[in-house]
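So the structure is just underneath, and the comments pick up after that.
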Amino acid sequence: MTDHVNHSVRLNVHTWSDHPEVNHLVEEVWNALGQDKQSNLSSKSNRKGTPPKTVLKVLLVHLYATWLDDPTLWTGMSRDRNNYAPNSIYNALHIPFNIKDITDYLVDLGYLDFVMGSNDRTYDGWYSFTSRIRPTQLLESLFNRCTATLFDIDRHKDELTVVLTDFEVDAEGKLIKRKGKKLRKKIEYDQTPFTQAMINALKRYNELLAKTYIDIPTLDKPFVIRETKKGPQRLAINQNNKFIRRIFSRGDWHYNGRFYGGWWQQVGEDYRKYILIDDKPTVEIDYKGIHPTILSINKGKSFNGYDIETPNEDQKVKEELRKVTKLLVLIAINATSKEKAFRAFRDNYPIKFKNKELEALLQQFVKLNPHIEEDLCTDKGISLMNIDSKIVEYVINKFTEQNIPILTVHDSFIVQTDQQQTLKLYMEEATLEVLGTKIEFEQDYVSLNAKEAGKLNVIKVNNPQNLMGDKEEIKITQRYLSTYKKFKLWKESNNIC
């Protein structure tokens, strides 16, 4: 049996499709339940009146999408009533707890394989997992007759894209629990002009991404395997894994607010540098050093950089110390103490420094920028993330208005190579709008990947070739060529411009 714990994805109750073949599939399975089961499910509908057939559709569309992606993939599904709040703003389709009953019926009828979840009480829940389901051969036989493609499956239009949570989140938007008071995973809130403006902007942005082809042309298969704390994990690289949300942390609209989602945020630079957007080469523009500049602007001061005094004039030594100092300062801005900052630095840098050496570097930096000293190791990062999210929001909205796709990786942008100057212009406009002054993005503007990506050739769909010129021999795979061609045909057949 395929590893049902790690080789799985979480059930997405907002997976949706209006394709006629999908509706036919749902009707066929619904009829197979029989009148008694249908009647029993109808009597358990929630107060919002979500028809059980709609609940069945959500389940089947999700399973069909995972099956198209990988027939061996399991789906993790909670059987805890608390995880189904039909009246929550985060449950757009008002999916009730009776989705568990529908699942049990499908298991009884032979449509699903099932593995009961496990509640680990010995190792602080480390080995706990939710129940797992996967289509059997009987359901697969129905899937095989369905002509809908992955391109025909998307997120429901009413899914909420702005999330307010008490939790912290990691780089992928996954919740990180804080110690202390009881926290709320997702906080219910009333719509205001502020939240509605963000929701509308994200809707336009997600609509643009949905019709944009984003891929890594060097992959033979539409996924990568990445290492996690729980072992190897399969990450799908496809046109269904592009949905973006904004997440605000600590129950406060002034904390975080960054954009999360999209498979490009979950792969490293070694993969990102080959990304193509609508078959065009891209460049990743790095602005991760912006936080010290924001702190300086807020105090009416100039940021004086990271060029600390060095023991000699050796250029390599100076460059290395500058690199070390920059990383240390950026970590210190996010840390709550020096001890945590130094520990985090050692976790992220290959050369090991002692605390007294890192302390000396920080003091050298403070001599250059004394106005920033009081902001180091005081947990300023979460509020600075909110400010940079407003800059990102401005840039994304400007590109979306022009119908030009752009991707964000929190402290960098990925754009088609011919859009670099446009990005620079919009970034300067954004800082003027958000900070009240225009930042010239010159130093640290183009990352190493961007310099390499500048050598990319424009790719012809029917002409596999060397992507990196004399830099690196990279071949475009047949998988990419075939999938991109299918995507273009899908857009044409659906009159998508």
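Small disclaimer: the values here were computed from a predicted structure and weren't measured.
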Quick check: closest heavy atoms across [X] and [Y], and the distance to 0.1 Å?
X: A210; Y: K242; answer: O-NZ, 3.6 Å
X: G289; Y: K326; answer: CA-CE, 4.0 Å
X: T161; Y: I244; answer: CG2-O, 4.0 Å
X: T72; Y: R134; answer: O-NH1, 3.0 Å
X: P292; Y: L330; answer: CD-CD2, 3.8 Å
X: K340; Y: T336; answer: CD-OG1, 3.3 Å

Working to the nearest 0.5 angstrom, can you tell me the gap between [X] [atom1] and [Y] [atom2]?
X: R258; Y: H410; atom1: CZ; atom2: NE2; value: 6.5 Å
X: I396; Y: F413; atom1: CD1; atom2: CZ; value: 6.0 Å
X: N98; Y: L56; atom1: CG; atom2: CG; value: 10.5 Å
X: N238; Y: D69; atom1: CG; atom2: CG; value: 5.0 Å
X: L112; Y: M77; atom1: CG; atom2: CE; value: 9.0 Å
X: I237; Y: I275; atom1: CD1; atom2: CD1; value: 8.0 Å

Quiz item: Under 3.5 Å, is there a donor-acceptor pair between the N206 and R245 side chains?
Solution: no
Practice problem: Answer with yes or no whether the side chains of S383 and H254 bring together a donor and an acceptor at under 3.5 Å. | Solution: no
Any ion pair linking [Y] and [X] (charged N to carboxylate O, less than 4.0 Å)?
X: D286; Y: K288; result: yes
X: D104; Y: K100; result: yes
X: K424; Y: E428; result: yes

Quiz item: Run the side chain to side chain donor-acceptor pair (under 3.5 Å) check on Y260 and Q265 step by step: do they pass?
Solution: CA-CA 8 Å; Y260 295 89; Q265 290 190 356; over 6 Å; no
Quiz item: Mind checking whether F248 and Y255 have ring centres under 6.0 Å apart?
Solution: no
Self-check item: E401/N397 under side chain to side chain donor-acceptor pair (under 3.5 Å): CA gap, chis, key distance, verdict
Solution: CA-CA 6 Å; E401 287 170 8; N397 289 348; over 6 Å; no
Quiz prompt | More than 12 heavy atoms from other groups under 6.0 Å of NZ on K356 | solution = no
Practice problem: Count the heavy atoms belonging to other residues, nucleotides or ligands that lie under 6.0 Å from NZ of K491, then report whether that count exceeds 12. | Solution: yes
Quiz item: Excluding sequence neighbours, so at least two apart, what forms side-chain contact (heavy atoms from CB on, under 4.5 Å) with E207?
Solution: K203
Quiz item: Just one of R246, K185, K186 clears the side-chain contact (heavy atoms from CB on, under 4.5 Å) bar with V163, so which one?
Solution: K186
Practice problem: Check the angle between the aromatic planes of Y306 and F365 and answer parallel, tilted or perpendicular using the 30° and 60° thresholds. | Solution: parallel
Self-check item: W253 and F194 aromatic ring geometry - parallel, tilted or perpendicular at 30°/60° bounds
Solution: perpendicular
Quiz prompt | All pairs passing side-chain hydrogen bond (donor to acceptor under 3.5 Å, both in side chains) where residues 8-18 contributes a residue, at least two apart | solution = S8-R132, W16-D18
Quiz item: Can K398 and E433 be said to form a salt bridge (Lys or Arg N to Asp or Glu O under 4.0 Å), step by step?
Solution: CA-CA 13 Å; K398 293 291 286 189; E433 174 78 14; over 6 Å; no
Exercise. Not counting sequence neighbours, list each pair that qualifies as a ring-ring contact (aromatic ring centres under 6.0 Å, His included) and has a residue in residues 195-215.
Key: Y213-Y480, Y213-Y484, Y213-F487
Practice problem: Using the side chain to side chain donor-acceptor pair (under 3.5 Å) rule, take D152 and T149 through it: C-alpha gap first, then chi angles, then the decisive distance, then the call. | Solution: CA-CA 5 Å; D152 296 304; T149 69; 3.1 Å; yes
